[in-house]
Structure formats: structure tokens, C-alpha cells
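Whatever order the structure lists them in is the order used to number ligands and atoms, beginning at 1.
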Amino acid sequence: MSKDLPIGFFDSGIGGLSMLAAAMKQLPNERFVYLGDSAHAPYGTKSDAQVRALTMDAVKQLTNRGIKALVVACNTATSAGINALRDAYQFPVIGIEPALKLAYDTHQDGLILVLATPLTVKSQKYRSLFEKYGQNAASLPSPGLMDFVEREELDSPALHRYLADLFAPYQDQVIDSVVLGCTHYLFLKDTITAHLPAGTRLLDSNDGVTRQLIKRLSEQGLLASPHQLAQIDIISTGSAEKEAQLRRMLKVAQSLF
Ligand code: DGL
């Protein structure tokens, strides 16, 4: 395995760009290749078997180009496909899960709300996580929320209506924190914050995933040399327009960190 190869990132669409932006900041000499499976998004309202098959296909496209490690920058694809990916590939495979443990470890007072796709919330992986760390938490499956991001509707009246409905049942409760359990939701950070009591913490898994990526690369001697020039390739399984959108949204993602 050559350390000159890129690190592959993969999501159903725009969401994983938020994780790519976080990793680029910490790893300025790496090459990255990002695949957005826009032709098959959204994943979160499909079945477990469908998402696993799509995940394997998408990752095959990345491995055909050559990668030294893979970041599954999608909670939904991780819950459906991480085991199959780890069985199939020898290189480091890093997944993402909602930051419920972080919320549990830092919990002060009130309810932890976990926003995630319906498939993530239904998955065995999430159910085990919830059993361990969900004492003070409620899961909010959010079908359709990622689509606002795909449409670049980051602050629209329809999005505000969606969020008002989503949080309405918790209006009279003390909210400790909100876990952004889908990589798309990072792009909605400010709009989500506007619907929560002042000071509510929004938690994501980006730092943990980047730390894990660096650890695995360095353990295997795969970190790029400090002289290597950064390079970012972005590909989409969808239209040329979708690919151009991914490039544009990477800039938005970079402004989040
Ligand atoms: N960004 C993805 C996640 O983190 C899923 C969005 C979707 O395709 O439904 O779960």
C-alpha cells in the first residue's frame, strides 16, 4: 500500500463534504477523493440491504481508482455497511456514528435529542449504542431533512416549518444537547440552532472521526509525506451538475470549520 495514494471519502451526496472539510484542515498534505452517490440519494429512507449494496458499489468505484484508506462519511451507510466493508478490504475503514456517547459523557441536565435518518435510527448498530448511552436521550428520525441540503435550501421557510414541527413535542422540556447524527445536518447548524433554546449544544462526530483517521494512518505508516501537495478529486454518480454542486458545497463545508 503506497502512502501517496488518496484517502477515499464517501457519502450519498453533499453531507460527507463536512467531514472531508474537517479532515482537510488537519491533514494538509493528503490527497483526497470524494464520491457522492447522488444518483441514489437519499439513503436514509431505503432498506438496510439496499444501502449495503449501494455502499459496496460506491466503494468499489473508489477502490478502482486506488485508495489507501476509506472514510464512510455517512452514518446511514456506516450502520448498514461497515461490517461488509471491513470484511472486504484490508485498508483502514473508518465509519461514523451519531455522537451519542459524547453527549452522554458531557451531559449536564435535560434531554439529549438525536437527529438521524430513519434507517440509522432503526439499525442494530444504533440500537446498541442507544442501549448503552441513551438513558437521557430521544431519537428523532428525520426523513426529508437531508433533502433540504441537497437542494441547497439551508435557511428556507419550508425548512423552518420542518424544524418547528420536529422540535414541537419538546418545547416544554429542558434540552441538554442535540446530536447531528447525519453528516448532511452540519450544513443546517445555524438554522437548527435558531429553533433551540439559547446555549443548547450541537454535537457531531467530526473530531472523533478525523482523530481516528489520523491514528489509523499513522499506525500503518500511511500518512503522506510533509512534502506532498494536497489534491482533492470530487466525483458524483449523478449528473455533471451534481458534481459541480459538490465542488461548490465543499467551499461551504470549509466555512463551517
Ligand atoms: N449523510 C448521510 C448520513 O450521515 C445520509 C443521508 C441520506 O442519504 O439519507 O446518514
Quick one: which ligand 1 atoms are inside 4.0 Å of a heavy atom on [X]?
X    : result
D11  : 1 (N), 2 (C)
T76  : 3 (C), 5 (C), 10 (O)
C182 : 1 (N), 2 (C), 3 (C), 4 (O), 5 (C), 6 (C), 10 (O)

Between F130 and R127, is there a cation-pi geometry (under 6.0 Å to ring centre, at most 45° from the normal)?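 R127 over F130 ring: no.
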Test your reading of the model: is there a side-chain donor-acceptor pair from S18 to the backbone of L186, 3.5 Å cut-off? no
Examine distances only and state if a side-chain atom of N206 and a backbone atom of A22 form a donor-acceptor pair shorter than 3.5 Å. no
Closest to atom 2 (C) of ligand 1 by heavy-atom distance, out of C74, A116, A80, is C74
Could you pull out the closest heavy-atom pair between A23 and F9, with the gap in Å?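 So the minimum-distance heavy-atom pair works out to CB-CZ, 3.7 Å.
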Are F10 and D37 side-chain neighbours, meaning at least one heavy-atom pair lies under 4.5 Å?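 Yes - at least one pair of side-chain heavy atoms lies under 4.5 Å apart.
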Does the N or O separation between T120 and ligand 1 drop below 3.5 Å for any pair? no
May I ask you to check if ligand 1 and T45 share an N or O to N or O distance below 3.5 Å?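 It does not: no N or O of T45 is found under 3.5 Å from an N or O of ligand 1.
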Considering only heavy atoms, does S12 approach ligand 1 within less than 4.0 Å through its side chain, its backbone, both, or neither?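 Only the side chain of S12 comes within reach of ligand 1.
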What part of T117, side chain, backbone, both or neither, has a heavy atom within less than 4.0 angstrom of ligand 1?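 Within the 4.0 Å criterion, T117 contacts ligand 1 through side-chain atoms alone.
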Does a side-chain N-to-carboxylate-O contact under 4.0 Å join D48 and R52? yes
Nearest protein heavy-atom contact for atom 9 (O) of ligand 1: which residue, which atom, what distance?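 Its nearest protein heavy-atom neighbour is G44 N, 2.8 Å.
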Apply the test salt bridge (Lys or Arg N to Asp or Glu O under 4.0 Å) to residues K101 and D105: give CA-CA distance (whole Å), side-chain angles for both, the deciding distance (0.1 Å), then the verdict. CA-CA 6 Å; K101 181 177 185 304; D105 287 342; 2.7 Å; yes
